[in-house]
Amino acid sequence: MKKLILTLLLGGLMMTGLSAKTAFVYFSATGTTERMAKNAAEAMGADLFEIQPVHKYTDADLDWHNKKSLSSIECNDPKSRPAIKSVVSTSSNKTFDISSYDTVVVCYPIWWYYAPKIVYTFVESQNWNGKKLITLCTSGGSGLGRSGSDLAKFAKGADFKDGKDFTRGSGADVKKYIEGLLK
């Protein structure tokens, strides 16, 4: 009986340690990616952080039919790197610190087949040495494409595991996918 209790206790501690070492960091302009990231982080027992832009995107900024909208201009400029106000926990005021995590799951919407440029700003601002990177996206139809591998090029030193579109997946689906990548 003592062995069983000890095994369960150690297993619980190991699971807590694993989940505490994974962070979901997301950018969401409309709430779709936010919902996916929250569900996934909750299913995995992981920490959740939001990339908050200095300039909050309006509906006009996101009008992909307008070539002069902010998102269209950013997407057409490979050097565009919108400023980040903060990367903060959604459950506290804790600021993201990559050194606390082994695995970082970056979640974002697809804009014109790529991650929004603010996600590049985030990725380039981190020290990825020894960290695992997984990318998840939401999309209105184009899917992940090369966005994950493209972001990984800017995450110097990261061990890029893979990426996937989870527009219609559940938190449990994301958990199963990520656990499969980390085996």
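For the numbers below, each heavy atom of this structure counts, side chains included, while hydrogens, waters and symmetry mates do not.
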Main-chain N/O of V88 paired with S86 side-chain donor or acceptor, under 3.5 Å: no
Side-chain heavy-atom pair T58, L70 within 4.5 angstrom cut-off: no
Between the NE2 atom in H65 and the CG atom in D63, the distance rounded to the nearest 0.5 Å is 6.5 Å
Heavy-atom closest pair (K67 atom, I73 atom, distance to 0.1 Å) is O-CG1, 3.9 Å
Rounded to the nearest 0.5 Å, the OG1 atom of T22 sits from the CG atom of D102 at a distance of 7.0 Å
Heavy atoms of G143 and C137 approach each other most closely as C-SG, 4.2 Å
Does W64 reach the side chain of S69, with side-chain heavy atoms less than 4.5 Å apart? no
Carboxylate-amine/guanidinium proximity below 4.0 Å for K38 and E34: yes
Side-chain contact, heavy-atom cut-off 4.5 Å: D47 with K94? yes
Margin query: side chain to side chain contact (heavy atoms under 4.5 Å, CB included) for V174 and N39? Distances and angles first, verdict last.
Written below: CA-CA 9 Å; V174 173; N39 290 337; over 6 Å; no
Could you tell me if S139 and T167 have a donor-acceptor pair between their side chains, going purely by distance under 3.5 Å? no
Nearest heavy-atom contact between C107 and M36 is CB-CE, 3.9 Å
Quick one: side chains of residues 115-122, donor-acceptor pairs under 3.5 Å with protein atoms, not counting sequence neighbours, listed by atom name and distance.
| unit_1 | atom_1 | unit_2 | atom_2 | d |
| --- | --- | --- | --- | --- |
| Y120 | OH | D150 | OD2 | 2.3 |
| T121 | OG1 | P82 | O | 2.9 |
| T121 | OG1 | K117 | O | 3.3 |

Paired with W111, the side chain to side chain contact (heavy atoms under 4.5 Å, CB included) test is passed by just one of C75, S142, S147, namely C75
N93, CG: over 12 other non-hydrogen atoms inside 6.0 angstrom: no
### Query
Are the side chains of Q126 and V123 in touch, meaning some heavy atoms are under 4.5 Å apart?
no
All heavy atoms of I178 vs all of F24, minimum pair found to be CD1-CZ, 3.6 Å
Minimal heavy-atom distance between P109 and F27, with the atoms involved, is CD-O, 3.1 Å
When rounded to the nearest 0.5 Å, the distance separating OG1 of T138 from CG of D165 is 7.0 Å
- prompt: Is the number of heavy atoms from other residues, nucleotides or ligands under 6.0 Å of Y114 OH greater than 12?
  reply: no
Note to self: Please verify the inter-ring angle class for F49 with F96; under 30° counts as parallel, over 60° as perpendicular, anything in between as tilted.
What the structure shows: perpendicular
In short, L144 meets K164 closest at the heavy-atom pair CD2-N, 3.4 Å
Interatomic distance, CG@N76 vs OG@S71, rounded to 0.5 Å, equals 9.5 Å
- Do F160 and L151 pass the side chain to side chain contact (heavy atoms under 4.5 Å, CB included) test, and can you show the C-alpha distance, the side-chain angles, and the key distance before you say yes or no? CA-CA 9 Å; F160 177 58; L151 274 174; over 6 Å; no
Can a side-chain donor-acceptor contact be found between T90 and Y26 if the only test is distance below 3.5 angstrom? no
**Asked** Taking the side chain as C-beta and beyond, is there a heavy-atom pair between D61 and H55 under 4.5 Å?
**Response** yes
Between Y108 (side chain only) and V25 (backbone N and O only), is there a donor and an acceptor less than 3.5 Å apart?
no
The salt bridge (Lys or Arg N to Asp or Glu O under 4.0 Å) partners of E124 (sequence neighbours excluded) come to R81
